Amino acid sequence: QVQLVESGGGLVQPGGSLTLSCAASGRSFSTYAMGWFRQAPGKEREFVAAISWSGGGTYDANSVQGRFTISRDSAKNTGYLQMNKLKPEDTAVYFCAADSRGRVSAGSTMYDYWGQGTQVTVSS
């Protein structure tokens, strides 16, 4: 069993930065891949970024490439999403998720555990 808790969301101006954290509980989290997804009002949940269990493999959505960076610290059982050059269209609830297969995946159905989400609002 893995429990995930996101933090770090908030209100930021366009062009600004935020770092989201995903704290995991459960001994096996270090073997899980981790992903970030987001859901804007009235839209479906969409993939943002994913990282393999080892941290050696990552995959980003086209919409965030060059602006967002996913990382993890297995010793701290924590994952991160560094978000730079934020745009109003990045406004959404951001969720972290854990995939027991350990491999990078953009498909939400591949993930076994989900956090409750943290709100990110990009507005002037």
Side-chain angles (χ1 to χ4, degrees):
Q1 188 78 7
V2 174
Q3 292 184 330
L4 305 172
V5 178
E6 303 94 336
S7 62
L11 173 64
V12 63
Q13 292 187 343
S17 299
L18 278 176
T19 299
L20 304 183
S21 298
C22 176
S25 62
R27 292 183 300 171
S28 58
F29 179 70
S30 61
T31 67
Y32 282 56
M34 189 190 74
W36 286 95
F37 291 77
R38 66 187 182 186
Q39 188 166 18
K43 295 187 177 181
E44 293 186 354
R45 188 171 298 188
E46 65 171 355
F47 169 76
V48 175
I51 187 166
S52 65
W53 71 272
S54 66
T58 61
Y59 179 57
D60 305 324
N62 289 338
S63 58
V64 305
Q65 282 184 357
R67 300 188 300 123
F68 291 11
T69 302
I70 189 171
S71 63
R72 67 188 299 163
D73 185 336
S74 293
K76 295 182 178 180
N77 264 8
T78 301
Y80 305 95
L81 184 68
Q82 172 68 43
M83 305 185 295
N84 299 323
K85 300 178 182 179
L86 283 161
K87 305 175 182 181
E89 51 263 44
D90 293 319
T91 294
V93 177
Y94 283 71
F95 300 87
C96 68
D99 177 358
S100 61
R101 301 171 309 135
R103 302 192 301 270
V104 166
S105 175
S108 62
T109 58
M110 297 292 104
Y111 290 82
D112 307 284
Y113 302 101
W114 292 82
Q116 292 300 307
T118 185
Q119 176 70 47
V120 172
T121 302
V122 184
S123 175
S124 54

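Since we're looking at a predicted model, the values are computed, not measured.
Closest approach of Ser108 and Trp114 over heavy atoms only: O-CZ2, 3.5 Å. The minimum heavy-atom distance between Pro14 and Ser124, with the atom names listed, is CD-N, 3.7 Å.
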Give the table of side-chain donor-acceptor pairs shorter than 3.5 Å for residues 15-24, with sequence neighbours excluded, one pair per line with atom names and distance.
unit_1	atom_1	unit_2	atom_2	d
Ser17	OG	Asn84	OD1	2.9
Thr19	OG1	Gln82	OE1	2.4

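A ring-centre distance under 6.0 Å is not found for Trp36 and Phe68.
Rounding to the nearest 0.5 angstrom, the gap separating the CZ atom in Phe29 from the OG atom in Ser74 is 7.0 Å. A distance of 16.0 Å separates OG of Ser30 from NZ of Lys76, quoted to the nearest 0.5 Å. Note that OG1 of Thr91 is 7.0 Å distant from CD of Gln119, once rounded to the nearest 0.5 Å.
Side-chain contact between Met34 and Ile70 is present, with heavy atoms from C-beta onward closer than 4.5 Å. In this structure, the side chains of Leu86 and Gln13 stay at 4.5 Å or more apart for every pair of heavy atoms. Using a 4.5 Å heavy-atom threshold, the side chains of Gln39 and Phe95 count as touching.
Salt bridge status for Asp90 with Arg38: present, with a side-chain N to carboxylate O gap under 4.0 Å.
The number of heavy atoms from other shown groups lying within 6.0 Å of CD (Glu46) is above 12. Remark: Glu89 CD is packed, more than 12 non-hydrogen atoms of other residues, nucleotides or ligands lying under 6.0 Å away.
Applying the salt bridge (Lys or Arg N to Asp or Glu O under 4.0 Å) test to every pair with at least one member in residues 101-124, sequence neighbours left out, gives these pairs: Asp99-Arg101.
In terms of the side-chain contact (heavy atoms from CB on, under 4.5 Å) criterion, residue partners of Tyr113 (sequence neighbours excluded) are, by chain and number, Gln1, Val2, Leu4, Tyr32, Ala98.
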Let me see the working for Ser25 and Asn77 under side-chain contact (heavy atoms from CB on, under 4.5 Å), right down to the final yes or no. CA-CA 7 Å; Ser25 62; Asn77 264 8; over 6 Å; no
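Residues Tyr80 and Val64 do not share a hydrophobic cluster, defined by chaining ILVMFWY side chains whose heavy atoms lie under 4.5 Å apart. Taking hydrophobic clusters as Ile, Leu, Val, Met, Phe, Trp and Tyr residues chained together by side-chain heavy-atom distances below 4.5 Å, Ile51 does not share a cluster with Val104.
When Phe37, Tyr111, Tyr94 are each tested for a ring pair (Phe, Tyr, Trp, His ring centres under 6.0 Å) with Phe47, only one passes: Phe37.
A distance-only check finds no donor-acceptor pair linking the side chain of Gln116 to the backbone of Val5 [under 3.5 Å]. Of the possible donor and acceptor atoms, one in the side chain of Arg67 sits under 3.5 Å from a partner among the backbone N and O of Lys85.
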